[in-house]
Q: 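Pasting a structure below so you can have a look.
Order of the sequence lines sets the chain letters (A, B, ...), proteins ahead of strands, with each chain counted from 1. For the numbers below, each heavy atom of this structure counts, side chains included, while hydrogens, waters and symmetry mates do not.
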2 protein chains.
Amino acid sequence: MSTPPTSTTRPRLTIDDVAREAGVSKATVSRVLNGRGALMSPELAARVREAIDRLGYAPSPMAQALKRGRSRLIGLVVADVANPFSVAVLQGAEKACREAGYMLMLFNLGGDEAREREAIAALASYQVEGFILHTLGRDRQVLHDALERGKPIVLVDRALDAPLDLVGLDNAQAVPLALDHLLQQGWNDLLFVTEPMQGASSREERHAAFNAFVQTHAGQCRGRTAECAVHDDAALDQALRALRAEAGTRRPAVLAVNAPVGLRVAAAARRLGLTLGLELGLVSFDETDWAPLVGPGITTLAQPTDEIGRQAARCLVERLEGQPGEPRRFRLPARLVVRGSSQPG
Amino acid sequence: MSTPPTSTTRPRLTIDDVAREAGVSKATVSRVLNGRGALMSPELAARVREAIDRLGYAPSPMAQALKRGRSRLIGLVVADVANPFSVAVLQGAEKACREAGYMLMLFNLGGDEAREREAIAALASYQVEGFILHTLGRDRQVLHDALERGKPIVLVDRALDAPLDLVGLDNAQAVPLALDHLLQQGWNDLLFVTEPMQGASSREERHAAFNAFVQTHAGQCRGRTAECAVHDDAALDQALRALRAEAGTRRPAVLAVNAPVGLRVAAAARRLGLTLGLELGLVSFDETDWAPLVGPGITTLAQPTDEIGRQAARCLVERLEGQPGEPRRFRLPARLVVRGSSQPG
DNA sequence: CTGTTAGCGCATTCAG
DNA sequence: CTGAATGCGCTAACAG
């Protein structure tokens with residue numbers, strides 16, 4: 001109703017417009033905008049504020065960024081938005097960033113880790129102030145550069161040997177949680193199924209914790225690992241078949257390294273005619289909407305994904321605001337959600 | 001290895017640095033950068049290009065944006081990243097944008113449509129050049145403003161009465177595809193389950209198509225609709241119970257408006273002890289990873305999500321590059337993926 | 001063909 | 001306490 005839908009592109013409202021409207025100088029407007037309004041006559045400040053409201057003025061983040069070298073932008077690089085874990089983290093991070101007054105720029109690797117360098121470069125060129133990285137960090141040089149340019153980095157889920165802040169799951173707590181449960185339920189021939197490690201520390205940590213557990217419980221169970229590439233269903237079938245064949249009187253169960261793998265294991269079990277919870281036990285990392293409904297329900301290790309995202313964002317924002325100190329590592333606990341896939345009967 | 005990890009924040013590399021390095025003026029560098037290098041002596045251009053490479057210089061999009069009023073940024077507002085459809089579209093759009101040289105700024109409503117205005121305002125203030133909106137568009141004023149400022153908008157999935165570009169599913173094709181199949185399989189007591197419409201045109205279109213189908217097939221089937229709020233499982237149970245109770249000799253089946261609803265229906269069926277594909281038919285919009293594994297497998301109407309996202313991005317980019325003309329509507333076809341939930345036996 | 005100049009919108013000195 | 005002037009990094013007229 002206010003303005004008719006002219007097709008003339010209305011030029012951007014600038015600080016000059018406000019200054020003119022309020023009958024003051026740009027500097028004064030700028031001061032009001034930046035909270036230094038307390039240092040001037042209250043009436044003037046009020047007049048300026050009014051003009052701002054009347055015009056509906058908002059400063060251009062671009063210009064601000066250019067001037068002060070701070071863009072209030074955070075770059076988020078995600079390994080694969082198709083992965084529910086990534087999405088959940090993204091969700092928490094986006095919210096926390098926004099609450100802290102930052103906007104998120106997203107770059108999705110789509111599973112192609114080779115594009116990581118491109119991602120960081122693109123984001124950096126947009127002057128993001130810092131990075132949240134859910135990715136492999138293969139390209140050390142890029143990280144190095146970013147750091148050198150004073151751009152803090154927070155890693156999510158996957159550690160690097162670099163001295164960086166990290167927030168992720170407490171895998172050393174999570175794995176025994178799952179395996180103790182499996183053992184208690186009588187599953188004693190354990191198979192850890194993972195995608196190729198490729199330097200993903202979370203996978204490696206889970207694997208290590210798995211091996212450690214198996215070793216300390218050598219009397220009660222046996223444990224092996226199967227590494228199956230993303231589309232190699234044949235390999236997975238083969239691994240499960242072998243597990244069954246060599247089980248003897250033992251009862252075979254799988255620990256899946258993440259949700260996509262958990263789903264693939266469920267699919268493989270179906271293909272091979274193995275009933276989950278009966279002929280094959282299964283616990284999978286990552287709680288999902290569908291976990292209760294696949295087969296007899298999949299028992300999961302629920303990650304506090306939202307909290308991980310928020311924590312990552314908080315940590316980064318603290319760094320951006322000058323928090324110094326050694327790299328910090330936040331390890332959040334997993335929660336076991338028991339369902340039919342790990343309970344015979 | 002190259003540079004030691006100094007903690008001195010190295011200042012940003014500017015066009016002046018390159019100019020100095022190459023012994024030319026900024027303008028010359030700028031020309032090379034903007035493809036106008038053909039108009040000058042080849043050696044000079046080469047020298048500049050070399051300096052650029054040597055220094056690893058990349059222009060600041062911020063400064064460019066400020067200067068030319070074009071940010072090469074596209075704003076994407078998503079209703080809820082927890083919805084697989086949203087994610088899939090996001091994926092396609094992000095890719096297409098990047099290929100066209102744009103970056104995506106993401107704003108997730110997290111199901112809170114009230115924040116839409118905030119989203120658009122925030123994005124607009126960052127000088128995004130256009131919007132891809134997967135949301136309700138309740139706040140007409142905001143859209144109006146955006147358009148007036150010359151920022152094109154492409155709607156995804158949900159139309160508005162406003163004259164805007166739209167890309168979404170061909171619901172008029174999709175619904176009969178599903179219902180014909182259900183009828184053929186002998187399901188003749190049809191229930192359309194949806195979340196509250198709330199002005200979401202895709203839901204309304206699906207509902208309308210459902211009603212139209214039922215009317216033209218009045219002799220062969222009966223059809224009703226249940227509207228169940230997101231967390232109101234009781235209402236859903238009630239609707240399914242009623243469907244069963246009043247079915248008589250008819251065979252009851254559900255058409256779920258989207259993947260989350262489909263999943264909820266599957267959960268409800270389990271709670272009520274109804275076997276999918278036997279006592280209850282089910283077809284759900286949206287193909288997902290888990291559809292094959294829930295119950296006997298859920299029959300789905302697969303949306304070409306990636307293509308929807310790409311198309312939206314393409315359409316927007318065309319507008320940004322000056323393509324004039326009437327609002328365009330792209331309606332992409334769905335594909336029926338038949339599984340156990342719709343096939344007795 | 002190339003260099004000089006003037007802003008884009010803003011925050012921040014520095015004078016007054 | 002306030003205004004005028006300067007420059008962030010870049011592009012696009014202008015000159016030469």
Q: Kindly say if Q64(A) contacts the phosphate of dA11(C), meaning a side-chain N or O under 4.0 Å from OP1 or OP2.
A: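 Indeed, a polar side-chain atom of Q64(A) lies that close.
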
Q: Is any side-chain nitrogen or oxygen of T28(B) closer than 4.0 Å to OP1 or OP2 of dG3(C)?
A: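 Yes, within the criterion.
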
Q: Calculate the interatomic distance between Q127(B) atom CD and dG9(C) atom P; express it in whole Å.
A: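 Rounded to whole Å, this separation is 9 Å.
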
Q: Spell out yes or no: do the side chain of K67(B) and the base of dG7(C) have one donor N/O and one acceptor N/O closer than 3.5 Å?
A: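 For K67(B), whose side chain was compared with the base of dG7(C), there is a donor-acceptor pair (under 3.5 Å).
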
Q: In whole angstroms, how far is the P atom of dC14(C) from the CZ atom of R31(A)?
A: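 So the CZ-P distance, R31(A) to dC14(C), works out to 13 Å.
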
Q: Measure from the side-chain heavy atoms of L66(A) and tell me the nearest of dC8(D), dA11(C), dT2(D).
A: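 In terms of side-chain proximity for L66(A), the closest of dC8(D), dA11(C), dT2(D) is dC8(D).
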
Q: Take A63(B) and L44(B), find for each the nucleotide of DNA chain C with the closest heavy atom, and name the residue whose nucleotide sits nearer the 5' end.
A: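 Of the two residues, L44(B) wins.
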
Q: Closer than 3.5 angstrom, by distance alone: can the side chain of T305(B) be matched with the main-chain N or O of V89(B) as a donor-acceptor pair?
A: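 The answer is no, because no donor-acceptor pair under 3.5 Å joins these two groups.
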
Q: Would one find a side-chain N or O of Y126(B) under 4.0 angstrom from OP1 or OP2 of dG9(C)?
A: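 Negative; the distance criterion is not met.
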
Q: Could you tell me how far apart I15(A) (CD1) and dG7(C) (C1') are, to the nearest whole angstrom?
A: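 Nearest whole value for this atom pair: 16 Å.
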
Q: Over all strands shown, is D16(A) touching base, sugar-phosphate only, or nothing at heavy-atom distances under 4.0 angstrom?
A: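 No contact.
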
Q: Any salt bridge between R54(A) and E21(A), counting N to O under 4.0 Å?
A: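 Yes, charged N to carboxylate O under 4.0 Å.
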
Q: Could you give the CE-to-P distance, from M62(B) to dG7(D), as a whole number of Å?
A: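 From M62(B) CE to dG7(D) P: 23 Å.
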
Q: Select base, sugar-phosphate, or nothing to describe what S30(A) touches, counting heavy atoms under 4.0 Å on all strands.
A: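 Base: the residue S30(A), judged by heavy atoms under 4.0 Å, touches a nucleobase.
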
Q: Rounded to whole angstroms, how far apart are CG on N34(A) and C1' on dT12(C)?
A: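 These atoms are roughly 10 Å apart.
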
Q: Is the phosphate of dG3(C), meaning OP1 or OP2, less than 4.0 Å from a side-chain N or O of S25(B)?
A: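 Yes, within the criterion.
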
Q: Could you state the interatomic distance from CE (M105(A)) to SG (C97(A)), rounded to the nearest 0.5 Å?
A: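 SG of C97(A) is found 13.0 Å from CE of M105(A).
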
Q: Determine whether the side chains of D157(A) and S202(A) contain a donor N or O and an acceptor N or O closer than 3.5 Å.
A: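 Yes.
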
Q: Measure CZ/R72(A) against P/dC10(C) and give the value in whole Å, please.
A: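 The distance from CZ of R72(A) to P of dC10(C) comes to 16 Å, rounded to the nearest Å.
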
Q: Could you check whether E94(B) pairs with R310(B) (Lys NZ or Arg NE/NH1/NH2 to Asp/Glu carboxylate O, under 4.0 Å)?
A: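 Salt bridge: no.
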
Q: Expressed as a whole number of angstroms, how long is the span from K26(A):NZ to dA4(D):C1'?
A: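 Nearest whole value for this atom pair: 10 Å.
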
Q: L13(B) has an atom CG; how far is it from atom C1' of dC10(D), in whole Å?
A: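 From L13(B) CG to dC10(D) C1': 14 Å.
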
